[in-house]
Student: 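I'd like to ask some things about the structure below.
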Amino acid sequence: MSSAVRLVRNHRLTQAVDYAYAAAVDVPVRSLWLAGACPLDTEGRTVAVGDYAGQAHQVMRNLLAVLEGEGAVLTDLVRTTVYVASSRQSDLVAVWEVYREYLGAHDVPSTLLGVSVLGYDDQLVEVEAVAVLKREREDEGAKSGVGAESEAEAG
């Protein structure tokens, strides 16, 4: 199934960037607003302490788990923000390279920020995201039971 997301390029702006300038989505769609994915294991411990790339891998695995739980994939992302607890550009680049490895050709509009601190002990990386899915996926998910956990938790 194709994604509801169409990435937008602009010929009036530089093409020397590895992200789209915008993303367009035609309605009706289902939106997913993801909390920041953190480098936590299933026990809630920060992994890869001191390792920007290692934490970026865990963050992307956790982001994928949330998307997959809702019947979504990375190409359904319409916007991301990547936070890196560092003032060194080389640390931001190390995280960005891992992030881009996961996104592949889907160069979704993104913002990469260096920040002073993140919420968990020893946390260096966080990625928040917005995804959109065509309505057919939501219907398929309901038929297969995908997403039932969140509905049960909400009730």
Side-chain angles (χ1 to χ4, degrees), residues 1 3-10 13-25 29-133 137 141 144-154:
M1 176 177 289
S3 176
V5 179
R6 181 177 52 84
L7 299 179
V8 178
R9 316 283 178 219
N10 188 306
L13 300 173
T14 182
Q15 300 304 298
V17 296
D18 59 352
Y19 54 86
Y21 284 105
V25 179
V29 294
R30 179 172 162 240
S31 298
L32 298 174
W33 299 80
L34 286 69
C38 299
L40 304 177
D41 64 14
T42 57
E43 303 297 317
R45 295 179 298 245
T46 302
V47 302
V49 173
D51 179 359
Y52 287 91
Q55 287 198 9
H57 279 288
Q58 183 67 37
V59 163
M60 294 307 293
R61 286 190 295 267
N62 290 348
L63 181 76
L64 272 166
V66 174
L67 288 171
E68 290 169 355
E70 290 299 315
V73 294
L74 288 170
T75 55
D76 293 319
L77 293 177
V78 68
R79 176 94 176 96
T80 65
T81 304
V82 180
Y83 299 94
V84 182
S86 179
S87 60
R88 293 179 37 206
Q89 189 175 23
S90 61
D91 295 333
L92 276 70
V93 169
V95 170
W96 186 255
E97 288 173 351
V98 171
Y99 166 88
R100 292 297 314 141
E101 177 184 323
Y102 282 82
L103 272 288
H106 188 64
D107 53 351
V108 61
S110 302
T111 300
L112 173 64
L113 299 169
V115 298
S116 61
V117 66
L118 291 166
Y120 290 100
D121 289 341
D122 302 312
Q123 181 182 358
L124 301 172
V125 181
E126 186 165 331
V127 176
E128 51 180 39
V130 177
V132 295
L133 293 81
R137 278 209 200 148
S144 68
V146 173
E149 291 177 39
S150 57
E151 290 173 14
E153 291 172 1

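Values reported hereafter were calculated over all heavy atoms of this structure, with side chains retained and with hydrogens, waters and symmetry mates removed.
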Student: For residues Val108 and Leu7, report the shortest heavy-atom separation together with the two atoms involved.
Tutor: CA-CD2, 3.9 Å
Student: If you count every heavy atom of other residues, nucleotides or ligands that lies below 6.0 Å from Asp121 atom CG, does the total exceed 12?
Tutor: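 No, not enclosed.
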Student: If you look only at pairs with a residue in residues 32-43, which of them pass as a salt bridge (charged side-chain N to carboxylate O under 4.0 Å, His left out), with sequence neighbours excluded?
Tutor: Asp41-Arg45
Student: If you look at every heavy atom in Pro109 and Ala22, which pair is closest and at what distance?
Tutor: CG-C, 3.3 Å
Student: Are Val59 and Val98 close enough that some pair of their side-chain heavy atoms sits under 4.5 Å apart?
Tutor: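 A side-chain contact under 4.5 Å is absent here.
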Student: Quick one: do Thr111 and Arg79 satisfy side chain to side chain contact (heavy atoms under 4.5 Å, CB included)? Show the steps, please.
Tutor: CA-CA 8 Å; Thr111 300; Arg79 176 94 176 96; 2.8 Å; yes
Student: CG of Leu64 to CG of Leu74: how many Å apart, nearest 0.5 Å?
Tutor: 4.5 Å
Student: Please answer whether the main-chain N or O of Asp122 pairs with a side-chain N or O of Gln55 as donor and acceptor at a distance below 3.5 Å.
Tutor: yes
Student: Of all residues at least two apart in sequence or in a different chain, which pass the ring pair (Phe, Tyr, Trp, His ring centres under 6.0 Å) check with Tyr120?
Tutor: none
Student: Using the side chain to side chain contact (heavy atoms under 4.5 Å, CB included) rule, take Asp107 and Arg100 through it: C-alpha gap first, then chi angles, then the decisive distance, then the call.
Tutor: CA-CA 8 Å; Asp107 53 351; Arg100 292 297 314 141; 3.5 Å; yes
Student: Could you tell me the separation between the CG atom of Leu34 and the OG1 atom of Thr80, rounded to the nearest 0.5 Å?
Tutor: 11.0 Å
Student: Are Arg30 and Asp76 ion-paired here, with the side-chain N under 4.0 Å from a carboxylate O?
Tutor: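 Here Arg30 does not pair with Asp76 in a salt bridge, since their nearest N and O are not under 4.0 Å apart.
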Student: Search all heavy atoms of Met60 against all heavy atoms of Leu103 and return the closest pair with its distance.
Tutor: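 Minimum heavy-atom separation between Met60 and Leu103: CE-CD2, 3.6 Å.
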Student: With sequence neighbours excluded, give me every ring pair (Phe, Tyr, Trp, His ring centres under 6.0 Å) pair touching residues 62-108.
Tutor: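 For residues 62-108: His57-Tyr102, Trp96-Tyr99.
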Student: Would you mind reporting whether Gln123 and Leu40 have side-chain heavy atoms less than 4.5 Å apart?
Tutor: no
Student: How about Asn62 and Pro39: do any of their side-chain heavy atoms sit closer than 4.5 Å?
Tutor: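 A side-chain contact under 4.5 Å is absent here.
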Student: Under the 3.5 angstrom rule, does the side chain of Glu126 hit a backbone N or O of Val84 as a donor-acceptor pair?
Tutor: no
Student: To the nearest 0.5 Å, what is the distance between CG on Leu113 and OG on Ser86?
Tutor: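 Answer for the CG-OG pair, Leu113 versus Ser86, is 12.5 Å.
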Student: Would you indicate whether the side-chain heavy atoms of Val5 and Leu77 approach each other to under 4.5 Å?
Tutor: no
Student: Can you tell me how far apart CD (Glu128) and OG (Ser110) are? Round to the nearest 0.5 Å.
Tutor: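 Between atom CD of Glu128 and atom OG of Ser110 there are 11.0 Å.
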Student: Keeping Arg88 on the side-chain end and Leu92 on the backbone end, is there a donor-acceptor pair under 3.5 Å?
Tutor: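 Here the side-chain-to-backbone pair does not exist.
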Student: Would the number of heavy atoms belonging to other residues, nucleotides or ligands and lying under 6.0 Å from CD of Gln89 be above 12?
Tutor: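 No, not enclosed.
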Student: Compare every heavy atom of Ser116 with every heavy atom of Ala85, then report the nearest pair and how far apart it is.
Tutor: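 Answer, listing the atom of Ala85 first, then Ser116: CB-O, 4.4 Å.
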Student: Do Tyr21 and Val8 make a side-chain contact, defined as non-hydrogen atoms from C-beta onward lying under 4.5 Å apart?
Tutor: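 Counting from C-beta outward, Tyr21 and Val8 never come under 4.5 Å.
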Student: Measuring from atom CG of Asp91 to atom CG of Leu124, what distance do you get when rounded to the nearest 0.5 angstrom?
Tutor: 8.0 Å
Student: Considering all heavy atoms of both residues, which atom of Ala48 and which atom of Gly54 are nearest to each other, and what is their separation?
Tutor: CB-C, 3.7 Å
